[in-house]
Structure formats: C-alpha cells, structure tokens
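None of the values given here were measured: they were computed from a predicted structure. All residue numbers refer to positions in the sequence shown, counting from 1. Ligands are counted one by one from 1 in listed order, and the atoms in each one are counted from 1 as well.
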Amino acid sequence: MATKKSVSSLKEADLKGKKVLIRADLNVPLDDSFKITDDTRIRAAVPTIKYLMSNGARVILSSHLGRPKGVTPKYSLKPLVPRLSELLGLEVKMASDCIGPEVEKLVAELPEGGVLLLENVRFYKEEEKNDPEFAKKLASIADLYVNDAFGTAHRAHASTEGVTKYLKPAVAGFLMQKELDYLVGAVSNPKKPFAAIVGGSKVSSKIGVIESLLEKVNILVLGGGMIFTFYKAQGLKVGSSLVEEDKLDLATSLLEKAKAKGVSLLLPTDVVIADKFAADANSKTVAADSIPDGWMGLDIGPDSIKSFSEALDTTQTVIWNGPMGVFEFEKFAAGTTAIAKKLAELSGKGVTTIIGGGDSVAAVEKAGLADKMSHISTGGGASLELLEGKTLPGVLALNEA
Ligand SMILES: Nc1ncnc2c1ncn2[C@@H]1O[C@H](COP(=O)(O)OP(=O)(O)O)[C@@H](O)[C@H]1O
Ligand SMILES: O=C(OP(=O)(O)O)[C@H](O)COP(=O)(O)O
C-alpha cells in the first residue's frame with residue numbers, strides 16, 4: 001500500500017473504505033424557482049465522484065454556491081441533490097451543515113460508495129477568510145482530500161487551500177487535472193502555429209492575459225470592446241465606442257511589443273456600429289477608420305470575420321477568451337458566433353481548440369457548439385489567472401501536500 005507521502009495523484013490513492021473530502025465547484029446558476037439553468041459544472045464533477053464511488057470511498061462532497069453573507073437559504077445546495085443523484089445513479093444524502101455533529105454522524109453512516117453532500121461552505125464567513133480552525137474542522141471529517149474545484153482554484157479559501165494543511169494526501173481530481181493539462185500544458189507547449197483570440201469589454205481586464213500570451217503565440221487576434229482603445233491609440237476616431245483613455249499608451253506599447261516579437265497582431269478592419277447600447281439599436285457596418293460621431297462599435301464586421309478566419313485556418317492550437325462583440329444582443333452576436341463556428345470547424349480538422357472560461361463559454365454554448373471544442377474551461381476567473389501566468393493557490397496547495 002502506498003504511504004501517505006508518496007501519493008501525488010488520485011489514481012495512486014488507496015480509496016477503499018476511506019472517507020474522502022472532495023471540493024468541487026458546484027456553483028451553478030439557479031432560476032427563481034431554484035431550477036438549475038446550466039448543469040455543466042455538476043456534469044464536469046461527475047467523473048471524479050464516480051471514480052471515488054467505484055473504488056469504495058465514502059464520498060463527502062463540498063462546494064460553495066453564490067456569494068452568501070452567512071446562512072442564506074436561497075444559496076442552499078439542496079436544489080442540486082436530485083440532479084446529482086440522477087447523474088451518479090444513487091441517492092445522494094444531504095447534510096444541513098458542512099461541519100459539526102450532524103455531519104460527523106452522517107459521515108459515520110455513509111456506506112462505501114455512498115455520497116454525502118455538505119451544505120454551502122460559504123455559509124461560514126471563515127471559509128473565505130481561510131480560517132485555520134474552520135479548515136481543521138473540515139479536515140477532521142475525512143482521511144483524504146481531493147480538489148476538483150478548478151473554477152474556485154484562484155481563491156485561497158479554507159475548503160480549497162487551508163484544508164490541505166491538515167488533511168493529507170491532498171490531490172487533484174480529474175477535472176482539475178484536465179483543466180491544468182489544457183490551460184497550462186497546451187499553452188506552454190502548444191502545437192504551432194499557436195493563436196490566441198482575446199475579446200471582452202476592457203483592455204484593463206485583459207492586459208495580463210495579452211502580455212503573457214504575446215510571449216507564446218504566433219498570432220494574436222483582438223476583438224470586443226477593447227479594440228477601440230487600440231484604434232484611438234492609433235489616431236482613429238471611435239465615436240462613442242468604449243475607450244479607456246488611461247490605457248492608450250499601454251495599447252501602443254502592446255502593439256509595439258507584438259511587432260518586436262514577430263507576433264502577427266490582428267485588429268478588426270470593419271465594425272458593426274450602433275446608435276445606442278441596446279438590443280434594438282439601429283446598426284450598420286463601417287470600416288474601422290470610419291466610425292461617425294455618436295455611434296459605437298458593438299461587433300466586428302464581415303471583412304474582419306473573413307480575415308480572422310483565414311488566419312485561424314493556418315493554426316494548430318487556438319485559445320479563446322472573451323467575446324468579439326456584445327453577443328448578448330442578437331444584432332451584435334454575429335462576430336462571436338462566427339468565431340465559435342470557425343473553432344468548431346477547426347476542431348474537426350484536428351486543431352486543438354481551448355475556450356478559456358467566462359463569456360466565451362456562454363457564447364459557444366449559446367451557439368450549440370460546446371461539444372465540438374477540445375476543451376471548455378469551467379472557470380472564468382481561474383482560467384484568466386492561469387493564462388496570465390499566475391499560480392492558483394488551490395493548485396499550489398496540492399503540489400505542496
Ligand atoms: N464592442 C463592445 N462594446 C462594449 N462591450 C462589449 C463589446 N464587445 C464585447 N463586449 C462585452 O464584453 C463582455 C465580456 O467581457 P469579458 O470577456 O467577460 O471580460 P471583461 O469585461 O473583463 O473584458 C460581454 O458582456 C460583452 O457584451
Ligand atoms: O463562478 C465562479 O467563478 P467565475 O464566474 O469566474 O467562473 C467560481 O465558482 C468562483 O466563484 P467566486 O468568484 O464567487 O469566488
């Protein structure tokens with residue numbers, strides 16, 4: 001039997017009869033009647049839970065939901081039990097707390113292969129404070145810790161980081177490993193040519209990602225609201241498009257950096273403009289240098305879609321973070337949908353396509369193309385931090401364990 005110290009992956013762990021605390025990210029959206037509107041994160045957690053079950057572990061499942069301040073019934077994990085039970089093929093038990101005597105009793109009653117869902121760990125303020133006493137209490141209910149909560153790995157919380165100080169072995173689950181393999185592995189050692197597509201609203205929220213990707217990519221495609229800061233930095237008129245005046249110098253230096261590094265940086269050559277920021281705005285397509293006063297760019301135009309697609313046709317690996325336009329409005333979703341379709345097509349030809357979380361995932365899902373991509377991240381903030389080259393505390397804790 002492996003000693004505790006030598007266990008560095010889930011596959012090496014001796015699980016039979018063991019009480020295993022698994023931290024998953026089951027932070028799924030619920031509607032007003034507590035129906036799950038997107039169960040992606042629950043489905044993504046299933047392989048690790050099933051592996052634990054089939055290897056005879058007593059599975060203690062923990063997660064947060066939302067950002068409650070103290071015990072808030074609306075953020076209870078109870079509405080997840082039916083879907084979890086259905087996906088796992090057994091009746092998942094639910095505790096009304098995540099620590100304490102009731103939890104201890106339910107854990108003691110848990111059969112091999114059984115699953116107990118703990119209540120929202122964020123009902124305790126100690127969770128987000130990474131309080132050691134709270135972490136110790138969580139740790140005390142189990143023999144082994146598995147972190148599969150990639151979407152929360154950028155948080156140094158008690159159930160993601162603190163607990164590993166008191167509960168070893170502490171290993172990554174299969175989802176966590178898959179996310180790291182794609183987002184770190186594929187990006188640090190990609191099949192080339194390697195392209196990144198970065199969109200979204202602001203340059204300021206993507207500086208780190210752009211700078212980090214400039215070190216690695218052959219092609220960098222930019223879209224979304226951030227392009228107007230680049231246009232303005234180049235002396236173009238941008239009407240009332242989104243611009244970050246304090247980032248003009250930065251935009252210029254990013255363009256220079258790309259040039260110096262031999263990265264082909266593509267900005268849209270035409271844009272779809274609107275007379276107001278609304279779904280029913282009047283719209284037209286104009287060249288990037290012809291945005292009239294009073295109009296704002298809300299999507300990339302057809303010429304840009306064509307040139308971006310041609311550039312992407314030459315690649316072997318593509319990573320995408322951030323929509324090309326205001327895809328929430330049907331009229332301005334064409335650029336984002338076209339990129340999603342292009343990546344789906346490239347995946348079919350063997351290109352590695354990685355969707356780096358957040359709104360780009362929502363866009364790919366809206367287009368019904370999620371299952372076509374090589375990898376779709378379950379973490380918005382976490383994937384962004386990884387792409388920026390940051391270390392995630394939830395992952396570091398596992399390496400140290
Ligand atoms: N041209 C644009 N003008 C304003 N907002 C845009 C534009 N293009 C995309 N967006 C918005 O960007 C948002 C997505 O940004 P996101 O990638 O989540 O990160 P961030 O807001 O941090 O840049 C979407 O809500 C989308 O509507
Ligand atoms: O939904 C999440 O993050 P995301 O919206 O960045 O993907 C995670 O569950 C983390 O939640 P948090 O941002 O409240 O810590």
Side-chain angles (χ1 to χ4, degrees), residues 23-29 38 40-42 44-45 63-69 75 77 120-122 127-128 130 148-157 159-161 179 197-210 222-231 238-244 247 267-268 271-274 276-279 281 283 288 291 295-301 304 320-336 339 355-363 366 376-388 392-394:
R23 173 57 156 106
D25 186 337
L26 305 178
N27 185 23
V28 291
D38 177 2
T40 306
R41 280 181 167 162
I42 303 181
S63 177
H64 75 284
L65 180 80
R67 293 175 174 174
K69 298 272 165 274
Y75 292 115
L77 287 169
N120 195 337
V121 283
R122 287 193 186 170
E127 160 68 1
E128 290 178 68
N130 201 358
D148 216 19
F150 175 75
T152 324
H154 56 320
R155 310 286 184 216
H157 292 173
S159 70
T160 60
E161 201 268 350
E179 294 269 13
I197 309 167
V198 182
S201 57
K202 301 187 213 92
V203 187
S204 51
S205 61
K206 301 287 161 81
I207 300 166
V209 176
I210 295 174
L222 296 182
M226 70 167 76
I227 57 174
F228 304 100
T229 303
F230 285 89
Y231 286 164
V238 296
S240 46
S241 306
L242 190 70
V243 167
E244 290 172 275
K247 296 288 176 296
L267 280 164
V271 284
V272 183
I273 55 171
K276 59 179 175 181
F277 189 86
S283 66
I291 303 174
W295 290 72
M296 63 185 80
L298 295 187
D299 197 9
I300 60 171
S304 311
W320 181 19
N321 180 290
M324 295 292 98
V326 183
F327 74 105
E328 297 92 336
F329 299 157
E330 212 50 54
K331 256 188 175 173
F332 308 103
T336 303
I339 293 296
I355 317 299
D359 275 319
S360 342
V361 173
K366 205 172 154 196
I376 294 223
S377 179
T378 55
S383 63
L384 208 58
E385 290 200 16
L386 261 194
L387 293 181
E388 284 174 44
L392 309 184

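Atom CG in Leu222 sits 5.5 Å away from atom CG in Leu267 (nearest 0.5 Å). To the nearest 0.5 Å, atoms OG (Ser377) and CH2 (Trp320) are separated by 14.0 Å. One finds the OG1 atom of Thr152 at 3.5 Å from the CG atom of Asp25 (value rounded to the nearest 0.5 Å). The distance from atom CD of Glu128 to atom OG of Ser159, rounded to the nearest 0.5 Å, is 9.5 Å. Thr40 OG1 to Ile376 CD1: the interatomic distance, rounded to the nearest 0.5 Å, is 8.5 Å. Summarising the geometry, atom CG belonging to Asp359 is positioned 9.5 Å from atom OG1 belonging to Thr336; distances are rounded to the nearest 0.5 Å.
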Start with the C-alpha gap between His64 and Glu127, add the side-chain angles, then the distance that decides, and say whether side chain to side chain contact (heavy atoms under 4.5 Å, CB included) holds. CA-CA 9 Å; His64 75 284; Glu127 160 68 1; 5.6 Å; no
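Here's the thing with Asp299: none of its N/O atoms is less than 3.5 angstrom from an N/O atom of ligand 1. Here's the thing with Glu328: one of its N/O atoms is less than 3.5 angstrom from an N/O atom of ligand 1. Where the criterion is an N or O separation shorter than 3.5 Å, residue side chain and backbone included, Gly225 meets it with respect to ligand 1. Geometrically, ligand 1 and Gly297 share a nitrogen or oxygen pair separated by less than 3.5 Å.
Remark: minimum distance from atom 11 (O) of ligand 2 to any protein heavy atom is reached at His64 NE2, 3.4 Å. In this structure, atom 6 (C) of ligand 1 lies nearest to the protein heavy atom Val326 CG2, 3.5 Å. Nearest to atom 5 (O) of ligand 2 among the protein's heavy atoms is Arg41 NH2, 4.6 Å. In this structure, atom 7 (O) of ligand 2 lies nearest to the protein heavy atom Gly380 N, 2.8 Å. Looking only at protein heavy atoms, the nearest one to atom 12 (O) of ligand 1 is Ser201 N, 3.1 Å. Scanning the protein for heavy atoms near atom 6 (O) of ligand 2, the closest one is Gly381 N, 2.7 Å. Ranking protein heavy atoms by distance to atom 10 (C) of ligand 2, first place goes to Gly151 O, 3.5 Å.
Numbered from 1 in the order shown, with element, the atoms of ligand 2 that lie under 4.0 Å from a heavy atom of Arg67 read 12 (P), 13 (O), 14 (O). Residue-ligand proximity, Asp25 to ligand 2, at heavy-atom distances under 4.0 Å covers atoms 8 (C), 9 (O). Counting atoms of ligand 1 from 1 in the listed order, those under 4.0 Å from a heavy atom of Lys202 are 23 (O). Every atom of ligand 2 with a heavy atom of Asn27 under 4.0 Å away is listed here by number and element: 1 (O), 2 (C), 8 (C), 9 (O), 11 (O). Applying the 4.0 Å criterion to heavy atoms of Asp359 picks out, from ligand 1, the atoms 13 (C), 14 (C), 15 (O), 16 (P), 18 (O), 24 (C), 25 (O). Within ligand 1, counting atoms from 1 as listed, the ones closer than 4.0 Å to a heavy atom of Leu298 are 1 (N), 3 (N). Of all the atoms in ligand 1, the ones that sit under 4.0 Å from a non-hydrogen atom of Gly200 are 12 (O), 14 (C), 15 (O), 16 (P), 17 (O), 23 (O). Every atom of ligand 1 with a heavy atom of Gly322 under 4.0 Å away is listed here by number and element: 17 (O). Near Phe228, meaning under 4.0 Å from one of its heavy atoms, ligand 1 places the atoms 1 (N). Per-residue contacts place Ser205 under 4.0 angstrom from the following atoms of ligand 1 (heavy atoms of the residue considered): 20 (P), 22 (O), 23 (O). Within ligand 2, the atoms closer than 4.0 Å to a non-hydrogen atom of Arg155 are 12 (P), 13 (O), 15 (O), numbered from 1 in the order shown.
More than 12 heavy atoms of other residues, nucleotides or ligands lie within 6.0 Å of CD in Glu328, so this atom counts as buried by the packing criterion.
Nearest heavy atom pair, residue Gly297 against residue Ile273, reads CA-CG2, 3.9 Å. Listed here is the closest heavy atom pair of Asn120 and Leu77: N-CD1, 3.6 Å. Across Val243 and Thr229, no two heavy atoms sit closer than the pair CA-OG1, 3.7 Å.
Formation of a donor-acceptor pair under 3.5 Å by the Arg41 side chain with backbone atoms of Asn27 is found in this model. Checking side-chain atoms of Thr160 against main-chain N and O of Gly394 turns up no donor-acceptor pair under 3.5 Å. The backbone N or O of Met296 sits nowhere less than 3.5 Å from a side-chain atom of Ser241 that would complete a donor-acceptor pair.
The protein reaches atom 14 (O) of ligand 2 closely, with a heavy atom under 4.0 angstrom from it.
Residue contacts with ligand 2, taken as heavy atom pairs separated by less than 4.0 Å, do not involve Glu385 at all. Within the 4.0 Å heavy-atom criterion, the part of Lys206 lying near ligand 1 is the side chain and not the backbone. Neither the backbone nor the side chain of Glu128 comes within 4.0 Å of ligand 2, counting heavy atoms alone.
In this structure, Phe332 does not count as a contact residue of ligand 1, since none of its heavy atoms falls inside 4.0 Å of the ligand.
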